[in-house]
Amino acid sequence: MSIPNINRTNQSPRPIRPQRRTGAISRLWWVIAALLLALFILPSVLSEMLTDWMWFGSQGLEQVYTTRLWLGLGVFAAGTLMAAVFLWVNWSVAARGVSPNEVYPGQREPLPRGLVRGVVAASAVLVAFFMGLSASGEWSTILLYLNAVPFGQA
């Protein structure tokens with residue numbers, strides 16, 4: 001009686017399971033969600049801007065409206081930039097001081113520093129965007145400050 005020679009090269013290979021591409025699918029859903037959000041928000045904003053542009057144009061005040069638009073955009077950009085830098089610096093210092101290695105008890109893999117930095121940066125940009133939107137509504141206060149004239153004097 002002979003013992004069969006089992007050689008690994010003669011064995012059939014394991015079936016290859018298709019790997020999930022969760023990253024690509026997740027990105028696709030984020031893109032679809034952003035497009036749907038833009039589809040709901042943009043028509044409202046654009047119709048309001050067009051109506052205002054037409055009204056100011058009918059009064060011969062296009063320059064007033066463009067000044068208001070550019071100032072609102074500038075205040076938004078400056079507010080967003082200042083808030084993003086402020087939040088990013090503060091949250092980076094806080095994350096460096098705390099240095100979380102685990103999110104839940106018993107976690108085996110430590111958190112990568114790049115992930116922590118990415119979350120801090122993304123959070124700072126997101127919060128700064130909304131702070132910039134809030135600041136852009138204060139364009140009239142800035143115009144009043146820049147064009148101040150004395151009043152109430154005899």
Side-chain angles (χ1 to χ4, degrees), residues 14 16-154:
R14 290 183 185 169
I16 298 173
R17 287 191 229 162
Q19 292 184 351
R20 287 182 156 175
R21 293 182 359 182
T22 56
I25 293 172
S26 176
R27 274 187 243 120
L28 177 66
W29 281 111
W30 279 108
V31 168
I32 290 172
L35 288 175
L36 285 176
L37 186 65
L39 261 167
F40 286 116
I41 293 175
L42 281 179
S44 167
V45 171
L46 291 177
S47 66
E48 183 179 341
M49 285 178 65
L50 182 62
T51 304
D52 286 346
W53 179 261
M54 290 170 60
W55 185 85
F56 278 95
S58 71
Q59 303 297 316
L61 301 171
E62 294 95 352
Q63 187 178 2
V64 173
Y65 188 63
T66 55
T67 300
R68 180 234 179 273
L69 279 179
W70 283 113
L71 187 62
L73 185 64
V75 172
F76 167 76
T80 300
L81 183 65
M82 289 187 332
V85 169
F86 180 80
L87 292 171
W88 180 72
V89 167
N90 280 292
W91 290 348
S92 292
V93 170
R96 192 173 295 140
V98 172
S99 178
N101 288 329
E102 57 184 40
V103 178
Y104 56 89
Q107 179 179 344
R108 293 185 183 196
E109 295 290 325
L111 288 176
R113 292 302 280 163
L115 176 67
V116 174
R117 277 190 229 117
V119 168
V120 166
S123 301
V125 168
L126 184 68
V127 171
F129 175 78
F130 289 110
M131 291 178 81
L133 282 177
S134 176
S136 70
E138 296 300 320
W139 61 268
S140 61
T141 306
I142 293 171
L143 274 181
L144 287 172
Y145 174 76
L146 293 174
N147 298 309
V149 293
F151 64 95
Q153 296 178 355

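Please read all numbers here as calculations on a predicted model, not as lab measurements.
- S123 places no side-chain N or O within 3.5 Å of a backbone atom of V120 that could act as its donor or acceptor partner.
- Applying the ring pair (Phe, Tyr, Trp, His ring centres under 6.0 Å) test to F129 and every residue at least two apart in sequence or in another chain returns F76.
- No side-chain heavy atom of F56 sits less than 4.5 Å from a side-chain heavy atom of Q63.
- Here the side chain of S136 pairs a donor or acceptor atom with the backbone of L133 at under 3.5 angstrom.
- At a threshold of 4.5 Å between non-hydrogen side-chain atoms, the residues M49 and L69 count as touching.
- In this structure, OG1 on T66 lies 10.5 Å from CG on L61, to the nearest 0.5 angstrom.
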Hey, can you pull the donor-acceptor pairs under 3.5 Å for the side chains in residues 82-92, sequence neighbours left out?
residue: W88; atom: NE1; partner: S92; partner atom: OG; Å: 3.4
residue: N90; atom: ND2; partner: F86; partner atom: O; Å: 2.8
residue: S92; atom: OG; partner: W88; partner atom: O; Å: 2.7

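- The minimum heavy-atom distance between S47 and S44, with the atom names listed, is OG-O, 3.0 Å.
- Annotation: side chain of L50 is not in contact with side chain of L46 (no heavy-atom distance under 4.5 Å).
- Distance check, rounded to the nearest 0.5 Å: OG1 of T141 to CG of L146 gives 11.0 Å.
- For L71 against W139, the heavy-atom pair with the smallest separation is CD2-O, 3.4 Å.
- For the atom pair CD1 of I32 and CG of L37, the computed distance is 13.5 Å after rounding to the nearest 0.5 Å.
- You'll find the side chain of R27 stays beyond 4.5 Å of the side chain of W30, heavy atoms only.
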